[in-house]
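Just so it is clear, the model here is predicted, and its values are computed rather than measured.
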Amino acid sequence: MLYALTGFLAGILGGMGMGGGTLLIPLLTLLFNCGQHSAQAMNLVSFIPMAIIALIIHLKNKYVKFDNILLIILPGLVSCFFGSYIAKSVGGALLKRLFGGFLIILSIIQFVLGLKNVKSSKEEKE
Amino acid sequence: MKNRKKINKKRVFLSIVCGVSAGIANGIFGGGGGMIIVPMLTFLLGYKEKNSHATAILIILPLSILSCLLYSSFAPLSLNLFLPVLIGVTIGGVAGAYLLAGLSSKWIVIIFSIVMLGAGVKLLVF
């Protein structure tokens, strides 16, 4: 099924740890004419099983830091209410455009960080 | 004694900022929270890269679950779409995690940001 293939593609990118999962949303809306809200919901759901597996591994390796963790998560949970309320109130078409803008911002962040990584690894070689 | 109190206040504030940013992104856009919070953990809270990525998952997971539940009231997901995509993403995620070990991720991030930029522009403009 084409749906599974799309998911697979987004999953690979996400699995490589570069937020590729977020690409699932435009893939669904652009390729399958999925509604923006549904595509976003799909992305949220898809994240969960993999996150649980990854988290177990990270916890085992002790990579997770717990300092002030509640200070991060609790305000985050509250913000989810606000965020999803906004998503709900904004129409699908507008949300799509806003999401597009968001992707652009994210791509710039990714790009800058990517350049930084490339630079620092070049310096390592020298 | 005074110094210690000052530093703690700053970290408390930054932690909350991180949480709110991730929560808002997660709530409004159903994704991208990870891509925002990883650099924030690294640069604002001074986490090491591995810790940032791992802790980000711990943070985003409950946020995604909450957003999922909130979205379910207004974002219908047909089983037709939901199941294959979910399976695809999970398998892709595992594949991606294995691939990550072998590939030079730095250039991939650059290419990836360009793809994202393209998708973003398409959604924003068209």
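Contacts between A:Thr6 and chain B at a heavy-atom distance below 4.5 Å are absent for every atom of the residue. For B:Phe43, the part lying near chain A is the side chain, with the backbone staying farther off; criterion is any non-hydrogen pair under 4.5 Å. Interface remark: A:Leu59 contributes no atoms to any contact with chain B (heavy atom separation under 4.5 Å). The contact between B:Val125 and chain A is made entirely by backbone atoms, counting heavy-atom distances below 4.5 Å. Within the 4.5 angstrom heavy-atom criterion, atoms from both the backbone and the side chain of A:Phe111 approach chain B. Using a 4.5 Å cut-off between heavy atoms, A:Leu5 does not touch chain B at all. In this structure, chain A has no heavy atom under 4.5 Å from any part of B:Lys48. Proximity to chain B is limited to the side chain of A:Met50, based on heavy atoms less than 4.5 angstrom apart. Heavy atoms of A:Ile73 lying under 4.5 Å from chain B belong to its backbone as well as its side chain. Using a 4.5 Å cut-off between heavy atoms, B:Ile37 touches chain A through its side chain atoms alone.
Per-residue heavy-atom pair counts under 4.5 Å with chain B were compared for A:His58, A:Gln36, A:Lys88, A:Met1, and the maximum is reached by A:Lys88. Among the candidates A:Gly35, A:Cys80, A:Pro75, the residue making the largest number of heavy-atom pairs closer than 4.5 Å to chain B is A:Cys80. By number of non-hydrogen pairs under 4.5 angstrom with chain A, the leading residue of B:Ser21, B:Cys68, B:Ser78 is B:Cys68. Note: A:Val64 leads A:Ile69, A:Val64, A:Ile108 in heavy-atom pairs under 4.5 Å with chain B. For chain A, the option among B:Asn80, B:Leu77, B:Ile24 with the highest count of heavy-atom pairs below 4.5 Å is B:Leu77. Each of B:Ala22, B:Gly32, B:Pro62 has some count of heavy-atom pairs under 4.5 Å with chain A, and the biggest count is that of B:Gly32. When B:Gly31, B:Cys18, B:Gly33, B:Gly27 are compared by the number of non-hydrogen pairs under 4.5 Å with chain A, B:Gly27 comes out ahead. Most heavy-atom pairs under 4.5 Å with chain A: of the set B:Ser67, B:Gly34, B:Ala25, B:Ser52, this distinction falls to B:Ser67. Most heavy-atom pairs under 4.5 Å with chain A, from the set B:Asn26, B:Thr90, B:Leu58: that is B:Leu58.
Of the inter-residue distances, the one linking A:Leu98 atom CG with B:Leu123 atom CG reads 11.0 Å to the nearest 0.5 angstrom. Put simply, CG on A:Leu113 and CE on B:Met35 are 10.5 Å apart, with the number rounded to the nearest 0.5 Å. One distance of note links CE of B:Met116 with CG of A:Leu106; it measures 4.5 Å at 0.5 Å rounding. Rounding to the nearest 0.5 Å gives a distance of 4.0 Å between CG of A:Asn68 and OG of B:Ser15. To the nearest 0.5 Å, the span separating NZ on B:Lys50 from CG on A:Asn61 amounts to 8.5 Å. Between the CZ atom of B:Phe29 and the CD1 atom of A:Ile86 there is a distance of 9.0 Å, given to the nearest 0.5 Å.
Exactly one residue among B:Leu81, B:Ile87, B:Leu86 makes a side-chain contact (heavy atoms from CB on, under 4.5 Å) with A:Tyr3. That residue is B:Leu81. Screening B:Leu41, B:Ile16, B:Thr55 against A:Ile72 for a side-chain contact (heavy atoms from CB on, under 4.5 Å) leaves a single residue, B:Leu41.
Clustering ILVMFWY residues whenever any of their side-chain heavy atoms sit less than 4.5 angstrom apart, transitively, puts B:Leu61 in a cluster other than the one holding A:Ile53. A:Ile57 and A:Phe66 fall into different hydrophobic clusters, where Ile, Leu, Val, Met, Phe, Trp and Tyr are joined by side-chain heavy atoms under 4.5 Å apart, directly or via other members. No continuous path of ILVMFWY side-chain contacts below 4.5 Å connects B:Val20 to A:Leu44, so the two sit in separate hydrophobic clusters. Placement of B:Val17 and A:Phe81 within a single hydrophobic cluster is found when ILVMFWY residues are connected by side-chain heavy-atom separations under 4.5 Å, directly or transitively. In terms of hydrophobic clustering, with Ile, Leu, Val, Met, Phe, Trp and Tyr side chains grouped at heavy-atom distances under 4.5 Å, B:Ile114 and A:Leu23 are assigned to different clusters.
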- [ ] List the steps and the verdict of side-chain contact (heavy atoms from CB on, under 4.5 Å) for A:Ile52 and B:Ile57.
- [x] CA-CA 8 Å; A:Ile52 295 177; B:Ile57 298 185; over 6 Å; no
- [ ] Please test A:Leu77 against B:Leu63 for side-chain contact (heavy atoms from CB on, under 4.5 Å), starting from the C-alpha separation and ending with a verdict.
- [x] CA-CA 6 Å; A:Leu77 290 173; B:Leu63 298 186; 3.6 Å; yes
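The two residues B:Ala119 and A:Leu103 come nearest to each other via the heavy atoms CB-CD1, 3.9 Å. Listed here is the closest heavy atom pair of A:Phe47 and B:Ser64: CD2-OG, 3.4 Å. Between B:Gly30 and A:Asn43, the closest heavy-atom pair is O-ND2, 2.9 Å.
The number of heavy atoms from other shown groups lying within 6.0 Å of CZ (B:Phe74) is above 12.
Taking the six-membered ring for Trp and thresholds of 30 and 60 degrees, A:His37 and B:Tyr71 have ring planes inclined between 30 and 60 degrees apart.
Of the possible polar contacts, none joining the B:Asn51 side chain to the A:Lys65 backbone as a donor-acceptor pair under 3.5 Å is found. Panel note: side chain A:Ser38, backbone B:Pro76; a donor-acceptor pair is recorded below 3.5 Å.
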